[in-house]
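Scroll down for the structure; my scribbles are underneath it.
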Protein chains: 2
Amino acid sequence: MAEIPDRLPSMAEIAARANVNPTSLYRRWGNVSVLATEVAIEHAMRDFPMPDTGSLKGDLTGWADAAAQLLDRSPLLRVLAANIHSNEPGLRERIDALARRGQELELVLARAKARGEPTPSLADVLEVVLAPLYFHVLFFGPVREAGYAARLVDRLLTLASLKTK
Amino acid sequence: MAEIPDRLPSMAEIAARANVNPTSLYRRWGNVSVLATEVAIEHAMRDFPMPDTGSLKGDLTGWADAAAQLLDRSPLLRVLAANIHSNEPGLRERIDALARRGQELELVLARAKARGEPTPSLADVLEVVLAPLYFHVLFFGPVREAGYAARLVDRLLTLASLKTK
DNA sequence: CCGTTAAAGCAATGAAATTTGCATTTAAGG
DNA sequence: CCTTAAATGCAAATTTCATTGCTTTAACGG
């Protein structure tokens, strides 16, 4: 399941691609949205390591670049938005695992704060970096502008430094 | 067509609500996504006037508040993202009309710039205000925090004022 | 190896969405 | 008013997605 088409692939398509029977998919996942969400989360967890560059700016820029690439290829945020409150056990586990991955970013921010650097909150990262990335991908397609993610991070850090003055 | 459920209503539901036959809807619009997009745009054009408060901050805050309310109720951005490149004539007209409405915001920004005020670009407005609003609605539901939109506008204007220093 | 259980596969069925063909209605123009 | 074209409605047919019932397969433990 790559690319980010307007519609999710059908169960029939996924089953054909995986060489399994659609019935098995339905029985295991219930519907294509839940399956797509779990797959997208698995991919994100695998492909979206938390950078460790030694500087907050480097880490955030690496993270933002990876996010931009991921958003180009994966319906993650779309399916996540649709299933964020699901109580389906397997899905809940994966969503929680993704949230824990998000806590890693929180740790990066906490370490920068402990170093006395001006530090944005995780909510700021979502608002100032991830939201515009997602918006861009939705309406303008893949991020082609070199340094777009870095620019968003610069904006984020600029705002953080204002808070400490 | 109100509210912003995970799925668009079916043609059968829309037809029943409008007291018309589903066949006519399919023949006129082809599919529910195109219809939903046109309806959402019409509603946005009707319900989303461009504020004229005399101050850029007031105008942007009014605009952002209206956007937050709209996003709570309308699948506009979701359907727009799916159909932004459509060549369907009726839809193209409406999308272009919506873009022209967007140019009104550009005028507001241009007037502020002419007054010598620190002014964000339209792209900045989309990135710093609309994208986070949309992200918020998608993942956290309706904006309940009083002043959230105003806070985003403050951030926008803060960034604009930095550019002029 | 055997028995049990869960998962997967197959085919048929069901449900919902969409399309097709034909008839009727509506609206516009002379 | 009449004609014509377009729009709409109705019913049937088709398509696509999803479910159901039964069989087969695979894994595990004794």
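Excluded from the calculations below are hydrogen atoms, water molecules and symmetry mates; all remaining heavy atoms, backbone and side chain alike, are included.
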Parallel, tilted or perpendicular: rings of A:Tyr134 and B:Phe135 (30°, 60°) =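 It falls in the perpendicular class, over 60°.
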Using a heavy-atom cut-off of under 4.0 Å over every strand shown, decide if A:Arg28 touches base, sugar-phosphate, or nothing.
->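 If one applies the 4.0 Å heavy-atom cut-off, A:Arg28 turns out to touch nothing in the nucleic acid.
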Across the strands shown, which category fits A:Thr23 at heavy-atom distances under 4.0 angstrom: base, sugar-phosphate, nothing?
->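 Here A:Thr23 touches the bases of the nucleic acid.
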In whole angstrom, what separates [X]'s [atom1] from [N]'s [atom2]?
X	N	atom1	atom2	result
A:Trp29	C:dA7	CH2	P	12 Å
A:Leu25	C:dA7	CG	P	14 Å
B:Asn31	C:dT18	CG	C1'	11 Å

With no hydrogens and no angle check, do the side chains of A:Asn21 and A:Ser24 hold a donor and an acceptor under 3.5 Å apart?
->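 A:Ser24 and A:Asn21 do not have a side-chain donor-acceptor pair below 3.5 Å.
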Worked verdict on A:Leu35 versus A:Met11 for side chain to side chain contact (heavy atoms under 4.5 Å, CB included) | CA-CA 9 Å; A:Leu35 170 56; A:Met11 253 347 176; 3.8 Å; yes
Map A:Ser10 and A:Arg27 onto DNA chain D by nearest heavy atom, then report which one ends up closer to the 5' terminus.
->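 Result: A:Ser10.
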B:Glu127 bridged to A:Arg151 by N-O distance under 4.0 Å =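 A:Arg151 and B:Glu127: salt-bridged.
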Would you say a side-chain N or O of A:Asn21 is under 4.0 Å from OP1 or OP2 of C:dA8?
->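 For A:Asn21, the contact criterion (side-chain N or O under 4.0 Å from OP1 or OP2 of C:dA8) is not met.
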First and last nucleotide of DNA chain D in contact with chain B, 5' to 3', at under 4.0 Å to a heavy atom: what are they?
->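 Reading along DNA chain D, I get D:dT8 to D:dA11.
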For a side-chain contact (heavy atoms from CB on, under 4.5 Å) with B:Pro120, tell me which candidate from B:Val128, B:Leu126, B:Leu56, B:Val129 qualifies.
->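 It is B:Leu56; the other options fail the test.
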Non-neighbouring partners of A:Asn19 that pass side-chain hydrogen bond (donor to acceptor under 3.5 Å, both in side chains), sequence neighbours left out |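 For A:Asn19 there are no side-chain hydrogen bond (donor to acceptor under 3.5 Å, both in side chains) partners, ignoring immediate neighbours.
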Could you work out which one of C:dG9, C:dT20, C:dT19 sits closest to the side chain of B:Tyr26?
->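 Nucleotide nearest to B:Tyr26's side chain: C:dT19.
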